[in-house]
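Just so we're on the same page: letters track the sequence lines, and every chain starts at 1. In what follows, every heavy atom counts, from backbone to side chain, and hydrogens, waters and symmetry copies are set aside. Computed from a prediction, not measured in an experiment: that's the story for all the values here.
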There are 2 protein chains.
Amino acid sequence: MIFSKSCVYGLRASIYLASISGDKYISIKGLSDKLDISFHFLTKILQELTAADLLESMKGPKGGVRLSRSGSEITLKEVVVAIDGPAIFTECVLGLPGCGSEKPCPMHAMWEDTRDEINEVFMNTTLQNMSKEGKAKDLRITPDGKFIWS
Amino acid sequence: MIFSKSCVYGLRASIYLASISGDKYISIKGLSDKLDISFHFLTKILQELTAADLLESMKGPKGGVRLSRSGSEITLKEVVVAIDGPAIFTECVLGLPGCGSEKPCPMHAMWEDTRDEINEVFMNTTLQNMSKEGKAKDLRITPDGKFIWS
DNA sequence: AAGTTTTAAGACAATTTTGTCTTAAATATA
DNA sequence: TATATTTAAGACAAAATTGTCTTAAAACTT
């Protein structure tokens, strides 16, 4: 897997949040149930997104989480960086510490192009792009595919 | 990291092996010393490559490992698949089990293109491509960059 | 004010990945 | 034949990731 499970959970939750209109807070329990992700584990991941200012949270009844900006203003890259860090968008495949333009590894050049494309795609795709697509075409956001876009 | 450490170690060792001419067996101890990788750990990884018929091994003095085919006939993809499996070249980003053309996830389409490019590059690049480049330009294959191409 | 609901925080456990060590088996050499 | 060298195999340990559970703190409801 190119991303950690945490990161995938974070992406799925973020895309789902972007599909919801209004500024209501959505309970994490509700999210974890709909997306079939462990509640406490998801809580920790969403805390990272809150710490990164991608989400806002509120305690108490009527509490939960919501996007801190419009889904059209949050990119997939931001979510990935907040959870897995920027390495996938910046580092070389072999991960050799000093690998750079000065003394690169043999795979540096071939990977650079691909990595740049990954970077482009994730930087130019927003949560709203994904949620609109998902909602319009009733796409899969859970393993069993039984999720219902609201 | 896009690949596991095991996979990266396997790639580095394979590229190095491809840089050596002749059909002599190269001792794993020599490899682990030159590449600065734990000997026993590297041994296990190279056993996977041997099991996948990418390497041949020989016990005893003068024993070691060598490529089972010319480095020009082994692709980077073969090495990756032997160690990390084919998922990176076939699976979708979110890793949802049923994700396919039938009921894809929202990221499916955007990822498909990128994934295909990754597949292309790794399928069309051989160990020899990498070793020749590395040898010719004295590129980095170890963290400290002090490796000497022989 | 008291109780309920929810996130925050952190301890803890299970699993996977990574790394170490020991013994066995095969091959070469003296 | 005996010994040294090397891979094979597998037990074991350490570290990172993933997942569970408990308690605290904040916000709402009655």
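The distance between atom CD1 of I45(B) and atom C1' of dT7(D), rounded to the nearest whole Å, is 15 Å. Summarising the geometry, the separation between CE on M1(A) and C1' on dT16(C) is reported as 12 Å, rounded to the nearest angstrom. The nearest whole Å value for the distance from the OH atom in Y25(B) to the C1' atom in dA28(C) is 13 Å. As a whole-Å value, the separation of F39(A) CZ from dG19(D) P is 15 Å. Protein atom CG of D36(B) is 11 Å distant from nucleotide atom P of dG19(C), rounded to whole Å. The CG-C1' distance, from L42(B) to dA8(D), rounds to 14 Å in whole Å. Between L49(A) atom CG and dT7(C) atom P there is a gap of 14 Å when expressed in whole angstrom units. Between the CZ atom of F41(A) and the C1' atom of dA14(C) there is a distance of 12 Å, rounded to whole Å.
Of the candidate nucleotides dG19(D), dT6(C), dA8(D), dA8(D) has the atom lying nearest to any side-chain atom of Q47(B). Taking only side-chain atoms of S38(B), from C-beta outward, the nucleotide of dG19(C), dT18(D), dT7(D) with the closest atom is dG19(C).
Scanning both residues, L96(B) and I141(A), for their nearest heavy atoms gives CD1-C, 3.8 Å.
Contact between the side-chain N/O atoms of S4(B) and the OP1/OP2 oxygens of dT17(C) is not found at any separation under 4.0 Å. At least one side-chain nitrogen or oxygen of Y9(A) sits closer than 4.0 Å to the OP1 or OP2 atom of dG19(D). At the phosphate of dT7(D), neither OP1 nor OP2 sits under 4.0 Å from any side-chain N or O atom of K44(B). One finds a side-chain N or O of S57(A) lying less than 4.0 angstrom from the OP1 or OP2 phosphate oxygen of dA8(C). Checking the phosphate oxygens (OP1, OP2) of dT18(C), a side-chain nitrogen or oxygen of S6(B) falls inside 4.0 Å.
Remark: side-chain polar atoms of R115(A) are not paired, donor with acceptor, to backbone N or O of I88(A) under 3.5 angstrom. When atom types are taken as modelled, the side chain of N119(B) and the backbone of T90(B) share no donor-acceptor pair closer than 3.5 angstrom. Between the side chain of K135(B) and the backbone N or O of I20(B) there is no donor-acceptor pair closer than 3.5 Å.
Residue pairs meeting the side-chain hydrogen bond (donor to acceptor under 3.5 Å, both in side chains) criterion with at least one member in residues 121-134 of chain A, sequence neighbours excluded, are E120(A)-N124(A), T126(A)-N129(A), E133(A)-K137(A).
With hydrogens and angles ignored, a donor-acceptor pair closer than 3.5 Å exists between the side chain of H40(B) and the base of dT22(C).
Checked against the 6.0 Å centroid threshold, F3(A) and Y9(A) do not count as a close aromatic pair.
Judged by closest nucleotide on DNA chain D, K29(B) is the one of C7(A) and K29(B) placed further toward the 5' end.
No cation-pi contact links K62(A) to Y25(A), judged by a cut-off of 6.0 Å to the six-membered ring centre and 45° from its axis.
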Under 3.5 Å, which N/O atoms of the protein pair with N/O atoms of nucleotides 28-30 of chain D?
none

